[in-house]
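Inspection log for the structure reproduced underneath, given as structure tokens.
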Amino acid sequence: MAEVWGQSPQGLALDPKREVITMHDLHIHTTLSACCADPEAEPAGYLALAREQGLTAVGFVNHVWDSRIPGASPWYAPQTFERAMSIREQIPADTFGIRVLVGVETEFAQGVIALSPECAQQLDYVLVPHSHIHMEGLVRPAGVTASRDIARFLADTFDDLVSRDFATIVAHPFCPLSFDSREQLPEIFSCLSDSRLEQSFGLAAEHGAGVEINLAIFRYGAEDPLYDDTYYRMFRIARKMGCRFSFGSDSHSLAELDRLSAQKRVGELLGLTEADLVSIAR
């Protein structure tokens, strides 16, 4: 799709004098997450890169299944809260003036949030996904593979999650991990009407749950037409319903922090301002 200056792919006017939102990343994994394969992915390295990219705030959120909560899978079981909290010992004294927040990315599986309220109170914030549907049997019920069933599952679990008043921010909302492809993504979102998304995001706004703009989902480029009727439509509806947003690279390696290069453009296309951000991102 050819771009016309002053217009987003969705036809929204872009104001070249519009307020620029502050650069932040509230979704960074370190070597304390089992899925991190980069031995250099530790706070000091991330902070050095964050300074180069002009970030004002970063948040480390390693995967956690609280040992107090039954039901952990073999993959999750070693990723205890105590392990995740050892990140505090790794944060250097000199953070280059960057505000450093410590949270976790826990799990929402079969109606269970894998973090106790007691642990949550020790954190700056909590990321909770509802879309780790690659975890068949733990998160996604077996047999939920058709696009309409995935869409229904994502909508129902989102509503359930935000209604619990627990998640500070919903991680990668409506991002069907393992099904996010050029072929199936439009079909999944075609099963999510505007009114259905308004219901979900209205509920999130009512309960004060932030919505993450996960930059890892823009794998084809921030201006790829694929997103016109999928994520841009979804985030526009979320904004209309009064939701607040955060950005996250979902980095599992130092190299993946480069995903933040899309933050400014995505923010412009959505027309976001500082007032649209969750308070901890400002």
Side-chain angles (χ1 to χ4, degrees), residues 20-64 84 87 90-91 95-96 98-106 123-129 131-132 134 167-177 180 210-224 226-227 230-232 234-235 238 244-270 272 274 276-278 280-282:
V20 177
I21 57 178
T22 53
M23 290 284 287
H24 66 274
D25 187 346
L26 299 187
H27 194 153
I28 299 175
H29 293 275
T30 74
T31 54
L32 294 173
S33 285
C35 45
C36 176
D38 180 0
E40 303 298 320
E42 295 189 342
Y46 277 122
L47 285 166
L49 291 175
R51 176 178 62 171
E52 293 177 6
Q53 297 195 26
L55 271 66
T56 61
V58 299
F60 296 112
V61 287
N62 289 298
H63 291 289
V64 163
I87 190 74
Q90 300 178 9
I91 297 171
T95 65
F96 311 114
I98 298 169
R99 186 161 54 101
V100 177
L101 303 170
V102 174
V104 298
E105 180 179 6
T106 190
L123 301 165
D124 293 315
Y125 65 108
V126 180
L127 281 186
V128 188
S131 51
H132 279 158
H134 60 294
T168 313
I169 299 166
V170 180
H172 36 73
F174 289 88
C175 178
L177 300 182
D180 189 3
V211 173
E212 180 186 67
I213 300 176
N214 189 299
L215 294 169
I217 68 176
F218 291 94
R219 64 185 65 183
Y220 306 116
E223 297 182 13
D224 192 290
L226 170 71
Y227 302 113
T230 55
Y231 291 115
Y232 285 128
M234 180 186 77
F235 289 130
R244 297 293 179 262
F245 302 91
S246 68
F247 283 91
S249 65
D250 208 346
S251 292
H252 289 69
S253 69
L254 295 183
E256 289 176 337
L257 205 67
D258 284 346
R259 292 169 176 169
L260 286 172
S261 62
Q263 178 175 325
K264 182 175 183 292
R265 188 57 176 161
V266 171
E268 288 176 343
L269 293 175
L270 292 170
L272 300 183
E274 287 287 297
D276 294 306
L277 302 182
V278 295
I280 60 173
R282 299 175 194 171

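For this chain, numbers begin at 1 and follow the sequence in order.
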Atom of [X], atom of [Y] and distance for their closest heavy-atom approach:
X    : Y    : value
D124 : V100 : OD2-O, 4.4 Å
N62  : I87  : ND2-CD1, 4.2 Å
S131 : A171 : OG-O, 4.1 Å
P43  : I91  : CB-CA, 4.2 Å
Y46  : A41  : OH-CB, 3.7 Å
L26  : Y125 : O-OH, 2.8 Å

- Go through the structure and list residues passing ring-ring contact (aromatic ring centres under 6.0 Å, His included) with H29, not counting sequence neighbours. H27, H63, H252
So, the side chain of [X] versus the backbone of [Y]: is there a donor-acceptor pair under 3.5 Å, distance only?
X    : Y    : answer
Y231 : N214 : no
S251 : L257 : yes
R99  : R282 : yes
E212 : V128 : no
T168 : V126 : yes
S33  : C36  : no
T30  : L32  : yes

Beyond-backbone contact of [X] with [Y], side-chain heavy atoms, under 4.5 angstrom:
X    : Y    : result
I169 : L127 : yes
I28  : S249 : yes
P129 : H172 : yes
H134 : H132 : yes
T22  : L277 : yes
L47  : R51  : no
D250 : E256 : no
I21  : E274 : yes

- Message: Looking only at the aromatic ring of each residue, does the gap between the centers of Y232 and F218 stay below 6.0 angstrom?
- Response: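 Here the rings of Y232 and F218 have centres that are less than 6.0 Å from each other.
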- What's the verdict on side chain to side chain contact (heavy atoms under 4.5 Å, CB included) for D258 and Q53, showing C-alpha distance, side-chain angles and the deciding distance? CA-CA 9 Å; D258 284 346; Q53 297 195 26; 3.6 Å; yes
